[in-house]
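Here's the structure we're looking at; comments come further down.
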Amino acid sequence: MKAFGFLSFGHYGPGRGSQTVTAKDSLLQAIDLAAAAEEIGVNGAYFRVHHFATQQAAPIPLLSAIAARTSRIEVGTGVIDLRYENPLYLAEEAAALDLISDGRLALGMSRGSPETAERGYEAFGYTGTNANGEDPKGATLAREKFELFLAAIDGEGVAPVNRSMNSMGSGILGSNSMLRVEPHSPSLRKHVWWGSGTRETAEWAGTQGVNLMSSTLLTEDGGVPFHELQAEQIRRYRQAWQAAGHQGTPRVSVSRSIFPITSDLDRLYFGQTDRDQVGVIDGLRSTFGKSYAAEPDRLVEELLKDTAIAEADTLMLTVPTQLGVEYNAHVLSTFAEQVAPALGWKPNTEGPVEGYPI
């Protein structure tokens with residue numbers, strides 16, 4: 001591990017003790033927490049994206065606001081559900097955000113997790129029906145959109161020229177006298193991540209030449225501890241990257257729920273470490289990673305045994321959004337001061353994070 005950030009689900013609502021009662025509370029506190037995290041030295045501020053739920057749903061405006069207020073912290077998503085997206089419009093927005101942030105974007109995307117709404121992407125206007133009248137699976141739909149998104153951010157032409165407007169300089173030509181989307185950010189491709197829930201999809205991400213995000217859930221059961229299954233996933237990803245002939249050092253992140261216990265309040269909120277769990281989600285037998293909660297010295301001992309954290313360059317800490325900015329900044333500060341250095345952490349003042357060489 002080289003870096004760590006926080007991963008927020010952006011929950012809001014009038015629950016007991018909630019400090020994010022409204023959507024406005026959640027958004028404004030997210031900006032404040034990111035600014036506070038940057039001062040601590042935290043490397044990234046990442047946000048889950050869920051539709052039709054009292055959580056963050058429109059990440060680009062939020063990340064743009066954070067990028068405009070900060071100068072070092074990475075801003076990103078974990079992850080955007082591509083079933084709900086227009087890939088060309090997303091390419092425009094992502095390029096603008098990459099330029100605004102001066103390349104501090106970590107744009108995670110994939111098929112996404114199960115949503116509150118049944119086939120909610122159809123309400124957004126995406127039926128999923130292809131030219132043959134078939135209704136592909138959500139993962140297939142997401143990959144098809146991802147392919148077009150990558151072509152767009154790579155500067156390929158995606159729309160024919162309007163010859164009557166061509167003399168007015170209506171746009172920059174891509175391939176085959178077609179127009180590319182604007183704005184274009186040359187660095188954006190390096191800042192795209194695929195959220196992978198299996199070893200197979202991690203290998204696919206490696207062949208695509210994009211970075212890898214892996215969370216505390218894998219939709220498979222390998223009969224081994226979660227961190228070992230996830231470490232194997234990361235190794236397969238890097239092997240696929242190398243076999244595909246991609247150059248450079250790809251980034252890899254994993255997420256964990258980790259809470260240093262240094263006060264009675266910490267102990268009240270997060271009593272003790274739990275254990276890996278196996279269950280069924282979206283019809284698939286899945287492995288859920290455990291949460292860690294202990295005194296800092298004990299946390300260091302436990303986390304050094306987590307092979308997936310050792311394989312990844314970036315660790316994302318899930319934060320209890322509704323406990324407010326002050327408490328979450330306390331969690332991040334304690335982790336930065338008493339846990340992260342022993343894991344190899346370098347603060348954001350030492351420059352952008354780079355992946356481990358393959």
Side-chain angles (χ1 to χ4, degrees), residues 3-50 53-59 62-63 65-66 69-70 73-79 113 116 215-217 253-275 277 288-296 298-300 302-303 314-340 345 348:
F4 83 91
F6 70 84
L7 175 62
S8 171
F9 284 64
H11 291 291
Y12 57 91
R16 182 179 179 182
S18 172
Q19 295 192 38
T20 55
V21 177
T22 68
K24 182 178 180 179
D25 293 335
S26 178
L27 289 164
L28 295 182
Q29 289 185 31
I31 299 170
D32 289 342
L33 180 59
E38 177 171 87
E39 292 304 308
I40 293 167
V42 175
N43 307 89
Y46 313 100
F47 297 86
R48 292 291 301 268
V49 180
H50 287 286
T54 53
Q55 299 178 45
Q56 301 293 1
L62 173 61
L63 297 183
I66 293 173
R69 185 168 163 183
T70 59
I73 198 168
E74 188 172 67
V75 296
T77 55
V79 292
S113 60
T116 301
S215 71
T216 53
L217 165 67
S253 71
V254 296
S255 63
R256 294 286 187 274
S257 295
I258 302 173
F259 301 100
I261 305 298
T262 60
S263 69
D264 289 340
L265 184 60
D266 296 332
R267 194 167 289 104
L268 175 66
Y269 284 144
F270 309 102
Q272 58 185 3
T273 296
D274 60 17
R275 61 183 63 187
Q277 299 180 40
F288 304 81
K290 66 182 181 181
S291 297
Y292 294 90
E295 290 72 19
R298 183 179 160 201
L299 270 185
V300 169
E302 293 184 358
L303 295 175
T314 301
L315 172 62
M316 297 182 182
L317 304 182
T318 59
V319 293
T321 308
Q322 291 186 278
L323 294 183
V325 175
E326 182 178 355
Y327 183 76
N328 282 295
H330 154 72
V331 171
L332 296 174
S333 180
T334 304
F335 188 82
E337 294 172 1
Q338 302 187 43
V339 180
W345 173 62
N348 61 42

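By convention here, the first residue in the shown sequence is residue 1.
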OG1-CD1 distance between Thr334 and Ile258, expressed to the nearest 0.5 angstrom: 13.0 Å
Salt bridge (Lys or Arg N to Asp or Glu O under 4.0 Å): pairs with one or both residues in residues 254-263, sequence neighbours excluded: Arg256-Asp306
What pair of heavy atoms forms the shortest contact from Ala65 to Ile31, and how long is it? CB-CD1, 3.7 Å
Considering only heavy atoms from C-beta outward, does the side chain of Val331 approach that of Pro260 to under 4.5 Å? yes
For the backbone of Ile73 and the side chain of Asn348, can you confirm whether one donor and one acceptor N or O come within less than 3.5 Å of each other? no
Side chains of Gln56 and Tyr12, heavy atoms from C-beta outward: is any pair under 4.5 Å? no
By side-chain hydrogen bond (donor to acceptor under 3.5 Å, both in side chains), Asp266 pairs with (sequence neighbours left out) Thr262, Ser263, Tyr327, His330
Using side-chain heavy atoms (C-beta onward) and a distance below 4.5 Å, is Tyr46 in contact with Leu7? yes
What residues, two or more places apart in sequence or in another chain, satisfy side-chain hydrogen bond (donor to acceptor under 3.5 Å, both in side chains) together with Asn328? none
Taking Ser333 for its side chain and Ala329 for its backbone only, find out whether a donor-acceptor pair lies under 3.5 Å. no
Please, which pairs that meet salt bridge (Lys or Arg N to Asp or Glu O under 4.0 Å) have at least one residue in residues 29-49, sequence neighbours excluded? Asp32-Arg69
Validation row: Glu295, Arg267 side chains within 4.5 angstrom (heavy atoms): yes
Are the aromatic ring centres of Phe335 and Phe4 under 6.0 angstrom apart? yes
Separation between CG of Asn43 and CZ of Phe6, rounded to the nearest 0.5 Å: 12.0 Å
Partner residues of Ser18 under the side-chain hydrogen bond (donor to acceptor under 3.5 Å, both in side chains) criterion, sequence neighbours left out: Gln322
Work out which heavy atom in Ala293 is nearest to a heavy atom in Phe270; give both atom names and the distance. CB-O, 3.9 Å
Smallest heavy-atom separation, Pro59 atom then Thr77 atom, equals CB-CG2, 3.6 Å
Sequence neighbours excluded, the answer for side-chain contact (heavy atoms from CB on, under 4.5 Å) partners of Gln29 is Gln19, Thr20, Asp25, Val325
Closest non-hydrogen contact found for Thr318 with Ser257 is OG1-OG, 2.7 Å
Give the minimum heavy-atom separation between Leu62 and Ala30, together with the two atoms involved. CD1-CB, 4.0 Å
Atom CG of Leu33 and atom CG of Leu28: how far apart are they, to the nearest 0.5 Å? 12.5 Å
Side chains of Leu303 and Val339: closer than 4.5 Å at any heavy-atom pair? yes
I'd like to know if the side chain of Ser8 reaches the main chain of Gly10, judged simply by a donor and an acceptor atom lying under 3.5 Å from each other, with no hydrogens or angles considered. yes
Could you tell me if the side chain of Phe9 sits less than 4.5 Å from the side chain of Thr54, heavy atoms only? no
